[in-house]
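The structure appears below as structure tokens.
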Amino acid sequence: MKSGSNLEKVLAAGHFSVTAECGPPRGADPDVVRRKAALVKGNVDACNVTDNQTSVVRMSSTAGCMLIKEEGIEPLLQMVVRDRNRIALQSDILGASALGIRNILCLSGDHQKFGDDPQAKNVFDIDSMQLIHMVRTMRDEGVFPSGNKLDGAPQFFIGCAVNPFADPFEIRVPRLKMKIEAGADFVQTQCIYNMDKFKTYLDLAKKEGLHDKVKILAGVTPLKSAGMAKFMKKMVAGMDIPDAVIKRIADEPKERQAAKGIEMCIEQIQELKGMEGIAGIHVMAIEWEEKLSEIIGGAGLLPRPLVE
Amino acid sequence: MITGTPKPIEEILQMLEPYDTIILAGCYGCVTVCRVGGEKEVEILASTIRLAREASGRKIAIREVCLERQCDPEYIETMRPYVEDYQAVLSIACGAGIQFLAEKYMLTPLLPGINTGFLGVTERQGEWAERCQGCGDCVLHLTGGICPVTRCAKSLFHGPCGGSSKGICEVGKDVPCGWQMIIDRLKSLNQMDNYSKLKPYKGWNTSRDGGPRRIVREDMI
Amino acid sequence: MLKAFENGADGVMVMGCLEGNCHFVNGNFRARARLARVSRILETIGIGAERIRMFNLSAGEGARFAAFVSEFAAEVQQLGPSPINVARQEAAKIPTGEIRV
Ligand code: SF4
Ligand code: SF4
């Protein structure tokens, strides 16, 4: 065991794992997090807590992690390199580990232009690849990247994100390979709608044997409506939603679209579960946490295994 | 070259409020090439200021000059005989030139007439684009001659990020993704093995982050 | 163009060759872009963009030229003296004189 995290144990025991995500509130009210936690609890092996996603200021990810941890959920700390230089990153890595957070997801972060503070300085001292490397160096070698010895190494199950649908496609698998070399133990993908393209990606990754070196958790997001699908396709860079998917949900009357979105999501999870090389699922039910148990249960993934 | 854009005339007029006699100083260097601070721009700006001030009922006297370069001491010295005859100097050289004037003429207020931009190129007549951030440790040989620091909106060293779509960066539809360009170049140069190597963390200490920089060349002194 | 206003003009006409017919290929298009800049300047400093205009005509069009001139002169008459001339006249305390184009 590298970290002893629940997620790591579940995966090591060969179970198909489930993660979800929880965005902290735009304010200091801890009850918002607790309410979301109640909806997540029991449905997942670990829950991501986002780090100022889309550059919109929110309660810190570490604080969010601690709040859900108090509620009995294993946290997965998202960490972006947009806002902190390597000094702050190292310090937050140590702090999070000291508080008992055992999973980390290393990300670049959306450009600050998208958030409340487009005038903010963008840091990007190191990139997400290097952040993976940094956590790995600290964990496995017990040293800071500077070479100085650590007084207690942080323990993390190290994750990264991949977007198989961003361009250029041909470097997407080589890039995953680099992330594995840098130290990633698991990967969560961008939400998948284009299953054909994802299969091509996965086949290429498998040809390189990458699925044996890293646990691949496939990302899904249930669509609430045809409108949401169209909006995401248009507005989110690197989001690939085929017209056939949009049509399927748009063909339903408005009041049936949400149910259809959930049905489609469950179908998709079942298909992904049957694919060799997929070790788990990451359900990003954006501001729709109340549907998690319906989706995850519907896909036959409940109750979550208890692994010691 | 160093590029820039004219400051809004309202802002310049406001800066000039306290003064009735000024020097308007251009520069024949970069700012002439990018058409923001050369001789011609001195004339246009001087006329504009005079007209505006006269229309508002308070004339201003402007001495129009254009120095060979405002970033070299010998050219700055040419102003010494008359600089103190004026209440202020409005300079439309880059920020470096303006400061150098300020340093040399301690008793004269220096006002910036342009907003200095970036190190860039003339992509076509009337259009300039950034190419280099002067990071002090050039990596262009590894990245197909395209700068990741400058041309990637996140200065990534292992791009492209998940926001790259059809060659366009997530920050805007007219911003090309620097990493797409790097990859295209590396492919055409047959250097994709450069891409798949993990790169060490960049040392930003050679950049502005290390504090104000200075170059000393013993062989040139 | 700005110099003309400094020298006391109330309006400025810029004559260019016919678009597409420029001896210098696109000189008249550039002139138009420059003129747009000057009119923006005139607008910001309160002199007014309408005091400058570009006209395109070929060398042989004497009558059109005359028509343009009288048309523009009439418009400038309507606008009255430029704020610069007003200020100067006030400064010199002389009565408002002839409009200069
Ligand atoms: S790597 Fe540094 S020196 Fe080279 S072009 Fe980029 S910013 Fe300039
Ligand atoms: S889209 Fe390309 S240029 Fe923009 S931040 Fe990502 S890698 Fe950099």
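Reminder, nothing fancy here: chain letters follow the sequence lines and each chain counts from 1.
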In terms of heavy-atom contacts, does CD of B/Glu84 have more than 12 from other residues, nucleotides or ligands at under 6.0 Å? no
Enclosure of C/Lys3 NZ (heavy-atom neighbours >12, cutoff 6.0 Å): yes
On a heavy-atom basis, the closest approach of B/Glu10 and C/Thr44 is OE2-CG2, 3.1 Å
Near B/Gln14 CD, under 6.0 Å, is it more than 12 heavy atoms from other residues, nucleotides or ligands? no
Check: C/Ile41 and B/Ile9 side chains under 4.5 Å, non-hydrogen atoms: no
What part of B/Ile44 is in contact with chain C, defined as an atom under 4.5 angstrom from a non-hydrogen atom: side chain, backbone, both or neither? both
Going by the side-chain contact (heavy atoms from CB on, under 4.5 Å) test, name the single residue among C/Ile84, C/Ile47, C/Ile45 that passes it with B/Glu54. C/Ile84
C/Arg53 CZ: over 12 foreign heavy atoms closer than 6.0 Å: yes
C/Phe65 atom CZ, neighbour heavy-atom count above 12 within 6.0 Å: no
The interface call for C/Arg34 against chain B, heavy-atom contacts under 4.5 Å, is side chain
